[in-house]
2 protein chains.
Amino acid sequence: MIAKGQDNRQSIVNAANELFYRRGYNQTSFAEIADASGIPKGNFYYYFKSKDELLEAVIAERVQQVKAMLVEWDAQFPTPRERLQRFLSMLLASEEELTRHGCPMGTLNMELGKIQQTLQSRAMEMFEVFINWLTCQLDALGHGEETSALAMHLMARVQGISLMTHAYSDPVFLRREVAQLRNWVDQL
Amino acid sequence: MIAKGQDNRQSIVNAANELFYRRGYNQTSFAEIADASGIPKGNFYYYFKSKDELLEAVIAERVQQVKAMLVEWDAQFPTPRERLQRFLSMLLASEEELTRHGCPMGTLNMELGKIQQTLQSRAMEMFEVFINWLTCQLDALGHGEETSALAMHLMARVQGISLMTHAYSDPVFLRREVAQLRNWVDQL
DNA sequence: GTCTATAATTCGATAGAC
DNA sequence: GTCTATCGAATTATAGAC
């Protein structure tokens, strides 16, 4: 049986998830999360011992969402090439958010990497889920030797595109670069 | 004649420059800059009206350093291809700092892009100096049509490599990817 | 010009009533 | 479980002595 308070807990996590993405972790206060979720900030400490622990819950939530998305892609697309193309389609589908706030994984890792490396290592799990999945798809494509390096290369390309798209607020650049990556995947 | 206080001003800018890079802008307090520079924080407001204005001075300092570096490269290397290779060499030369703190331009822009877009637009000047210089080199190489897009593409590759190198603390990835970019530049 | 002391605010976190 | 009131620390910024 699920305790009643888990609804409140989820509301806090959902509000924090969006605010940490849009405004950054350190720049988001409990007061803002309280306003967005409608739950008094004093109540937060019943569910989380600290702000760090709330961030860990947000990261766990994101990891779970990513894993569910990848399982769905695996079920929907039979070939690894189609799955990789679906991965790239994600960039175009989230064009507006990407242009405004950058990649949720890249921006969070960069922020935490400065002076909160303990939290950053937890945030790395998001990257690793994607990298592992990409490596599996590249393995299935028959690039048996250096698929891990190739997955890292592809992720770096995507992160670079996301960063420049966000910095220049330029979705045209995003579309052009994703089109190039599509051709690159087709020729793998 | 230069007023005596300009030495103090430069000391503050230098300390802030390094701390903003290593710890981030919002995560660096005046108290830390005072400790690092040996100048009491109350004195800061004689030279800068606010923390934002200090950041603008730091950005101006970085822009000046970048411009001086590019002029030196232009003098040292006669061909555009050599200059582009020198640009890539910079990544290897700053391997340790890049692995630990990421790219100074990319990390600052990402941080400011979240909720301080006014300051971020000032920080974009660093990117633009590089992009303009890269475009000039690509023009000289005879890629007359889409050199601006090509310069953005190259910068995005570099930013992606920097981000992943920093996230994974993996200089091996950096070296491998830079080697690929070197070949890419040679075949332009 | 230089520095100390401190104002004014905001933050994460706690205490305790209900 | 839920919420209000508030603490102590840290922050940017200011006032004013020297």
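Every chain is numbered from 1, with letters handed out A, B, ... down the list of sequences.
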A.B. asks: When the distance from CG of Asp7(B) to P of dT2(C) is rounded to whole Å, what number comes out?
C.D. replies: 9 Å

A.B. asks: Just by distance, with hydrogens left out, do Gln10(B) and Asn14(B) show a side-chain donor and acceptor under 3.5 Å apart?
C.D. replies: yes

A.B. asks: Could you give the CD-to-P distance, from Glu32(B) to dA10(D), as a whole number of Å?
C.D. replies: 11 Å

A.B. asks: Quick one: on DNA chain C, does Gly42(B) or Tyr25(A) contact a more 5' nucleotide (nearest heavy atom)?
C.D. replies: Gly42(B)

A.B. asks: So if I take every side-chain heavy atom of Phe30(B) and compare against dG12(C), dA13(D), dG1(C), which nucleotide ends up nearest?
C.D. replies: dA13(D)

A.B. asks: Without decimals, in angstroms, what is the distance between Asn26(B) CG and dT10(C) C1'?
C.D. replies: 14 Å

A.B. asks: Just by distance, with hydrogens left out, do Gln116(B) and Asn26(B) show a side-chain donor and acceptor under 3.5 Å apart?
C.D. replies: yes

A.B. asks: Looking at Tyr45(A), does any N or O in its side chain come under 4.0 Å of the phosphate oxygens OP1/OP2 on dA13(C)?
C.D. replies: yes

A.B. asks: Would you tell me if any nitrogen or oxygen in the side chain of Asn8(A) comes within less than 4.0 Å of OP1 or OP2 on dT2(D)?
C.D. replies: yes

A.B. asks: Tell me whether the OP1 or OP2 atom of dT2(C) has a side-chain N or O from Tyr47(B) closer than 4.0 Å.
C.D. replies: yes

A.B. asks: Is Tyr46(B) close enough to dG1(C) that one of its side-chain N or O atoms is under 4.0 Å from OP1 or OP2 there?
C.D. replies: yes

A.B. asks: Rounded to the Å, how far apart are Lys49(A) NZ and dA15(C) C1'?
C.D. replies: 19 Å

A.B. asks: Quick check: are there more than 12 heavy atoms from other residues, nucleotides or ligands sitting under 6.0 Å from CD of Gln76(A)?
C.D. replies: yes

A.B. asks: By nearest atom, which of the nucleotides dG1(C), dA13(C), dG12(C) is closest to the Ser29(A) side chain?
C.D. replies: dG12(C)

A.B. asks: What's the CG-C1' distance between Leu19(A) and dG12(C), to the nearest Å?
C.D. replies: 16 Å

A.B. asks: So that I know where these two stand, are Phe87(A) and Phe77(A) an aromatic pair - ring centroids less than 6.0 Å apart?
C.D. replies: no

A.B. asks: Between Phe44(A) (CZ) and dT4(D) (P), how many Å, whole number?
C.D. replies: 12 Å

A.B. asks: Relative to the ring of Tyr25(A), is the ring of Phe20(A) parallel (under 30°), tilted (30 to 60°) or perpendicular (over 60°)?
C.D. replies: perpendicular

A.B. asks: Between dG12(C) atom C1' and Phe48(A) atom CZ, what is the distance in whole Å?
C.D. replies: 15 Å

A.B. asks: If I take atom NZ in residue Lys41(A) and atom P in nucleotide dA15(C), what distance separates them, rounded to the nearest angstrom?
C.D. replies: 15 Å

